Protein chains: 2
Amino acid sequence: MTDNPELVAVFKALADPIRLKIVGLLARQPYSVEQLAALVERKPSTISHHLAKLNEVGLVSARAESYYNIYQLEPAALEETTRRIFSKEQMSAATAEVDLDAYDRKVVNDFSLPDGRLKTIPAQRKKLLAVLRHLVQAFEPDVRYSEKQVNDILARYHADTASLRRELVGSQLMQREGGGGDYWRIK
Amino acid sequence: MTDNPELVAVFKALADPIRLKIVGLLARQPYSVEQLAALVERKPSTISHHLAKLNEVGLVSARAESYYNIYQLEPAALEETTRRIFSKEQMSAATAEVDLDAYDRKVVNDFSLPDGRLKTIPAQRKKLLAVLRHLVQAFEPDVRYSEKQVNDILARYHADTASLRRELVGSQLMQREGGGGDYWRIK
DNA sequence: GAATTAATTCTATACATATGAAATTAATTC
DNA sequence: GAATTAATTTCATATGTATAGAATTAATTC
């Protein structure tokens, strides 16, 4: 799913008082354009315009009768829309296409020099965590590192390797065995 | 119920791709304005604007945390809206406030001279019926009229009283007893 | 075939709104 | 208290859209 333009279109179609009235009227019985125009007190050309929008998203359909165009509601489209809109699936689908790492990348970029080193270590917790999630990727999963090895790797980012190392452990991104043992990356 | 401005407002709030994404994101977890801005790739001021619209209709709420404003979804508002929108009651309510006689009045007006007489008798069936529904009100309910009395009353509207009389009977708005008997208004 | 009529399409206009830069506000950190 | 920072508000602008008159199309009636 690339986006939800159809869903937005349905909402747009319903986001107008006149069109909402038309839907309400057609829920009772079909009407011609002229009749709807009289009922909601607008000109036929305006009603045509509104019906075209409702028709585009499948909420109404038309049938020719004599030389009238009789419009009727498509209840199936309404129900179908209801299900799609408020289901958990829909929520997830809307979310799926968003880049969930965008924020992290922005923060890392804000705090990084062109060579990849950190300008400073973020003081704010949220931003520190974003940077730490970035740093931890310099370590291989399932590999044990000595404290010196950890420091050497972190030194590529910032001189204060002790702080970085401590925060990585404190934030549960890396773990340390017993007393002065080895470090490894979590998950 | 005077109108459904709140309902239109909810649809308007959801009728925007960015706001729909925000709702999708907040369905998973709360976010700050800045985080949302990064996730949907818009400036914080724009996100503030969108969140204000969602907040106005009760779809989201905010709580202060440190100096962040954390926004969260209000699922109850969503469900409440779903129910209201697509229920039959809603449809009827939307319809109730519309003047169902507006079409008739328009037709009668189109075919009437300033003094109340008819310019012509409508040739089209729908418009003829609207005019007949108007004419029949010149007769009292539960009163029997002779053919001459009927003609006299109809003559106030048009010279061709025979046609009008025949159409009133044919359209079941008036009834005639047996052979050459009296006429009376139905219902 | 000419006249009538409903509906649509075209066009112009007024109003609404999404966007982001700049200024302001409110809260936190040092 | 000064500096920093997130959020909001203000403002300008560009885009979108609801409305209806005019022109056009399609169908019916006489």
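Excluded from the calculations below are hydrogen atoms, water molecules and symmetry mates; all remaining heavy atoms, backbone and side chain alike, are included. Residue numbers start from 1 in every chain, and the chains themselves are labelled A, B, ... in the order their sequence lines are given, proteins ahead of strands. The model shown is predicted, which means the values in this text are computed figures rather than measured ones.
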> Contact class for B/Ile47 (heavy atom, under 4.0 Å): base, sugar-phosphate, or nothing?
Replying inline: nothing

>> Rounding to an integer number of Å, can you tell me how far B/Asp16 CG sits from C/dT17 C1'?
In response: 9 Å

>> Heavy-atom nearest nucleotide on DNA chain C for A/Tyr68 versus A/Ser45: which residue maps closer to 5'?
In response: A/Tyr68

> Which is true for B/His49 with a 4.0 Å heavy-atom rule: it touches a base, it touches only sugar-phosphate, or it touches nothing?
Replying inline: base

> Closest heavy-atom contact between B/Asp16 and A/Val8?
Replying inline: N-CG1, 4.0 Å

>> Output the rounded distance in Å from CG (B/Leu128) to P (C/dT5).
In response: 14 Å

> Rounding to a whole Å, what distance do you find between A/Glu56:CD and C/dT9:P?
Replying inline: 10 Å

> A/Lys12 or A/Lys43: which one's nearest nucleotide on DNA chain D is closer to the 5' end?
Replying inline: A/Lys12

>> In this structure, how many angstroms lie between the C1' atom of C/dT17 and the CD1 atom of B/Ile18, rounded?
In response: 14 Å

>> Assess the residue pair A/Tyr71 and A/Tyr31 against the criterion (ring pair (Phe, Tyr, Trp, His ring centres under 6.0 Å)); give the C-alpha distance rounded to whole Å, side-chain angles, the decisive distance to 0.1 Å, and a yes or no.
In response: CA-CA 6 Å; A/Tyr71 280 84; A/Tyr31 285 104; over 10 Å; no

> What nucleotide, of C/dT8, C/dG20, D/dA6, holds the atom closest to the side chain of B/Thr46?
Replying inline: C/dG20

> What is the distance, rounded to the nearest whole Å, between atom CD of A/Glu34 and atom P of D/dT28?
Replying inline: 16 Å

> Does the distance from a Lys or Arg side-chain N to an Asp or Glu carboxylate O, for A/Glu34 and B/Lys127, drop under 4.0 Å?
Replying inline: yes

>> Closest approach to the side chain of A/Lys53, judged atom by atom: which nucleotide of D/dT17, C/dG20, D/dA20 is it?
In response: D/dT17

> Taking the side chain of B/His50 as heavy atoms from C-beta outward, which of C/dA7, D/dA7, C/dT19 is closest to it?
Replying inline: C/dT19

> Looking only at atom types and distance, does a side-chain atom of A/Arg133 sit under 3.5 Å from a main-chain N or O of A/Leu173, one as donor and one as acceptor?
Replying inline: no

> Expressed in angstrom and rounded to an integer, what is the separation of B/Lys127 atom NZ from C/dT4 atom P?
Replying inline: 13 Å

> Within this structure, what is the CG-to-C1' distance between B/Leu36 and C/dA18, rounded to whole angstrom?
Replying inline: 17 Å

> Which is it for A/Ile22 and A/Leu39 under the side chain to side chain contact (heavy atoms under 4.5 Å, CB included) test, yes or no, and what are the steps along the way?
Replying inline: CA-CA 9 Å; A/Ile22 289 175; A/Leu39 288 167; over 6 Å; no

> With both distances under 3.5 angstrom, what nucleotide forms a Watson-Crick or G-U wobble pair with D/dT28?
Replying inline: C/dA3

> If you check every side-chain atom of B/Tyr71, which of C/dT19, D/dT8, C/dA21 has the closest atom?
Replying inline: D/dT8

> Watson-Crick or G-U wobble partner for C/dA22, using a 3.5 Å limit on both distances?
Replying inline: D/dT9

>> Rounded to whole Å, how long is the line connecting atom CZ of B/Arg42 with atom P of C/dA21?
In response: 12 Å

>> Side chain of A/Asn69 only, heavy atoms from C-beta on: which candidate in C/dT8, D/dA18, D/dA7 is closest?
In response: C/dT8

